[in-house]
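Have a look at the structure below, then the notes.
Numbering of ligands and ligand atoms starts at 1, following listing order.
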Amino acid sequence: MSLVPFVFQNSKSGKKEPFLPKDPTNVTIYSCGPTVYNFAHIGNIRSFLFVDVLRRSLLLGGYKLNQSMNITDIDDKIINESIKRKVSVEEFTKPWTEAFFKDLETLHVQKLEHYPKATESIEDMVDFIEPLKTNGLAYEKEGNIYFSIQNFKQYGILSKIDVAGMKSGVRYDADEYEKDDVRDFVLWKNQKTEEEKCWHTKLGKGRPGWHLECSAMIRKVYGSGVDIHTGGIDLLFPHHENEMAISTGAYPEEEFVGTWLHCEHLLVDGEKMSKSKGNFYTLRDILEKGYDPNSIRYHLISAHYRSKLNFSLIKLEESKIAMERIQNAIYRVLAAGNLWDQVPEDFDNFNFTVPELQNLNLEFIRSLADDLNIPKALASVFELVRIVNQFLDANGDATQDAFLKESILLFYKINELFAVFQFKKKIQTLDGISEEWILEQIEQRKTAKQNKDFSTADRIRKELEEKGILLADTKEGITTWKKAQ
Ligand code: AMP
Ligand code: ZN
């Protein structure tokens, strides 16, 4: 398969740039992962889904990936909580790490090649100190080791922070340690009290600072830098600036990161999520309200990753309706062409023969390749839904048509990205009534209404009601159904 050329908005240059990985058959991607001391909130989840969209888009573009997301299982909050609960750091973080993976599974996030853990990478962190000291960038004070920003001339190049303007008295780093310069950040923390978790290393008893963790895990997994590094926008400064200072400072002859991608924040009802405002949701909170994982996934990925996403339950409902519109079109094509359960093989390389489908296929993949423009890709999906419905309205019985086969192929391909649509014939638990049959009734009712045959339309609605199936018509003219409670 030939490679689709991608462009990405690189945070380092602030511009859209062609994506030129060193080896398209081994694209290296590192994403800052969760700090495992709690359930992930839906903002965190948005940033993890963004990584999944990046992965699935590049795979559709023909690239082979070697991807990692770290697990931050050393952090001051983690250490304080485990002391409070009188458990080890490992015991404390284990259930939260499991919950993180469970959430990803619920949302159909593809597994990555590596999940390095900070606790398993201590030696790699220690190994960074020596070259940093040799290059005059690390100094020791009261047993702690700091990075000297003053001595690193490129500091600020990524986040465009005004280094000279970084004032004394302002806290840039959450660490309460004595440093030479307030702007400096800690690389290694000396153990302060006996109960504080520490590692016995050649630097003495202590633990790493957060920024060093990611630099070291990247080097541990890849031996050098990566093609793409991602994270939420809040990580641009100081975390990523500091990671870059550490890695480039220690190994100036190597390129640390080719492309930096940052995902914008999720807001709830226009505000930053916080527990005190009562607008703080974990994935589980939303599932408990009765929303299904597919609508949540669809909703969280449907906005562009560089736009703020304003989450609300009303918007989630709207996304569900939009998603069902696509799903209904898929069921209609499957039913009309009797194409159930025929998973097409190698649809990545399929050459579409129907011109409209050929175009939509190209538009879809080109939108992804244009800095992961999902809203634009979705416009092609809805155009596909429109032409499919139009075709079926006109040729309901054209079962052998290439159009049906190829539209299903295209839907399969689209679902490689969205991962929320069903292609199997569902035998519902509704006393043997299949979903296919319900959708057929809905279509018959629609046709009856179009023909102004309202008595047939009402009869169909009633018959369904008697079987415990309730219909709802949206203002866009779409009919959805649900089981009566
Ligand atoms: P943490 O578990 O706090 O280390 O964060 C994990 C990821 O979630 C990081 O990439 C953060 O930048 C990202 N993140 C945190 N809050 C939000 C938010 N409200 N919206 C989107 N991403 C977020
Ligand atoms: Zn990181």
Side-chain angles (χ1 to χ4, degrees), residues 11 29-54 68-78 81 93 96-97 99-101 103-104 107 109 114-118 121 124-125 128 158-159 173-174 185 187 208-222 225-226 228-247 256-257 260-275 277 279-283 286 296 299-301 303-312:
S11 304
I29 306 176
Y30 180 89
S31 301
C32 290
T35 309
V36 279
Y37 68 101
N38 211 329
F39 287 121
H41 59 63
I42 52 169
N44 303 136
I45 300 268
R46 180 190 192 197
S47 77
F48 305 143
L49 283 171
F50 153 64
V51 175
D52 193 52
V53 165
L54 171 66
S68 46
M69 179 179 278
N70 77 294
I71 308 289
T72 303
D73 56 356
I74 308 174
D75 155 280
D76 288 352
K77 284 186 284 283
I78 290 176
E81 283 297 311
T93 54
W96 299 122
T97 310
F100 161 71
F101 283 113
D103 284 352
L104 296 192
L107 293 172
V109 171
H114 316 274
Y115 293 99
K117 282 186 177 173
S121 317
D124 308 88
M125 298 172 197
F128 256 90
L158 172 64
S159 61
D173 213 25
F185 60 90
L187 294 163
W210 174 35
H211 316 302
L212 176 61
E213 293 181 15
C214 283
S215 285
M217 284 185 268
I218 291 177
R219 200 165 182 80
K220 175 185 170 160
V221 176
Y222 300 106
V226 284
I228 302 179
H229 190 318
T230 84
I233 190 75
D234 56 316
L235 300 187
L236 180 61
F237 180 82
H239 182 52
H240 288 165
E241 190 70 55
N242 290 352
E243 263 187 49
M244 193 158 119
I246 294 169
S247 296
F256 177 45
V257 172
W260 285 93
L261 300 180
H262 289 97
C263 169
E264 253 299 346
H265 264 186
L266 174 141
L267 305 172
V268 173
D269 296 323
E271 292 189 70
K272 196 167 181 245
M273 246 189 303
S274 83
K275 289 206 167 121
K277 283 188 196 136
N279 65 355
F280 184 95
Y281 294 114
T282 65
L283 173 63
I286 299 177
I296 299 170
H299 182 57
L300 293 181
I301 70 176
H304 195 283
Y305 77 92
R306 280 190 294 107
S307 321
K308 286 194 173 58
L309 176 80
N310 193 6
F311 182 90
S312 71

Please state which protein non-hydrogen atom is closest to atom 4 (O) of ligand 1 and give its distance, to 0.1 Å? T35 OG1, 2.8 Å

Please determine whether H240 has a backbone or side-chain N, O or S atom lying under 2.8 Å from the Zn ion (ligand 2). no

Using heavy atoms and a threshold below 4.0 Å, how should the contact between E264 and ligand 1 be classified: side chain, backbone, both, or neither? backbone

Suppose we measure from atom 22 (N) of ligand 1 to each protein heavy atom; which comes out shortest, and what is that distance? G43 O, 3.0 Å

The closest protein heavy-atom partner of atom 18 (C) of ligand 1 is H265 CD2, 3.3 Å

Taking the side chain from R46 and the backbone from I301, do they hold a donor-acceptor pair closer than 3.5 Å? no

Go through the steps to decide whether H240 and H262 satisfy the test side chain to side chain donor-acceptor pair (under 3.5 Å), and finish with yes or no. CA-CA 10 Å; H240 288 165; H262 289 97; 2.8 Å; yes

If the cut-off is 4.0 Å to any non-hydrogen atom of G33, which atoms of ligand 1 fall inside it? 4 (O), 6 (C)

Give me the residue, atom name and distance of the protein heavy atom closest to atom 16 (N) of ligand 1. H41 CE1, 3.4 Å

Please determine if K308 and E264 form a salt bridge, counting it only when a charged side-chain N lies under 4.0 Å from a carboxylate O. yes

Check: H229/E243 side-chain N/O donor and acceptor closer than 3.5 Å: yes

Where do Y222 and S68 land on the side chain to side chain donor-acceptor pair (under 3.5 Å) test, with the steps shown first? CA-CA 10 Å; Y222 300 106; S68 46; 2.8 Å; yes

May I ask whether P34 has any heavy atom positioned less than 4.0 angstrom from an atom of ligand 1? yes

How large, to 10°, is the angle at the Zn ion (ligand 2) when you draw lines to NE2 on H239 and to SG on C32? 120°

Between G232 and ligand 1, is there a nitrogen or oxygen pair with a distance under 3.5 Å? yes

Applying a strict 4.0 Å limit to heavy atoms, is S31 in contact with ligand 1? no

What is the nearest protein non-hydrogen atom to atom 12 (O) of ligand 1, stated with its residue, atom name and distance? D234 OD1, 2.4 Å

If you measure from each heavy atom of T72 to ligand 1, is any distance below 4.0 Å? no

Under a 3.5 Å distance rule, please check whether S47 uses its side chain to pair with a backbone N or O of N44 as donor and acceptor. yes

What residue and heavy atom of the protein are closest to atom 19 (N) of ligand 1, and at what distance? L266 O, 3.3 Å

Going through the checks in order, is the side chain to side chain donor-acceptor pair (under 3.5 Å) test met by N70 and Y30? CA-CA 8 Å; N70 77 294; Y30 180 89; 3.3 Å; yes

Atom 15 (C) of ligand 1: which protein heavy atom is closest, and how many Å away? N44 ND2, 3.3 Å

Quick one: nearest non-hydrogen protein atom to atom 9 (C) of ligand 1, plus distance? L235 CD1, 3.8 Å

For the rings on Y115 and F101, is their centre-to-centre separation under 6.0 Å? yes

Kindly say whether V109 contributes a backbone atom to a donor-acceptor pair with the side chain of D52 at under 3.5 angstrom? no

When the ring planes of H41 and F280 are compared, do they come out parallel, tilted or perpendicular, using 30° and 60° as the limits? perpendicular

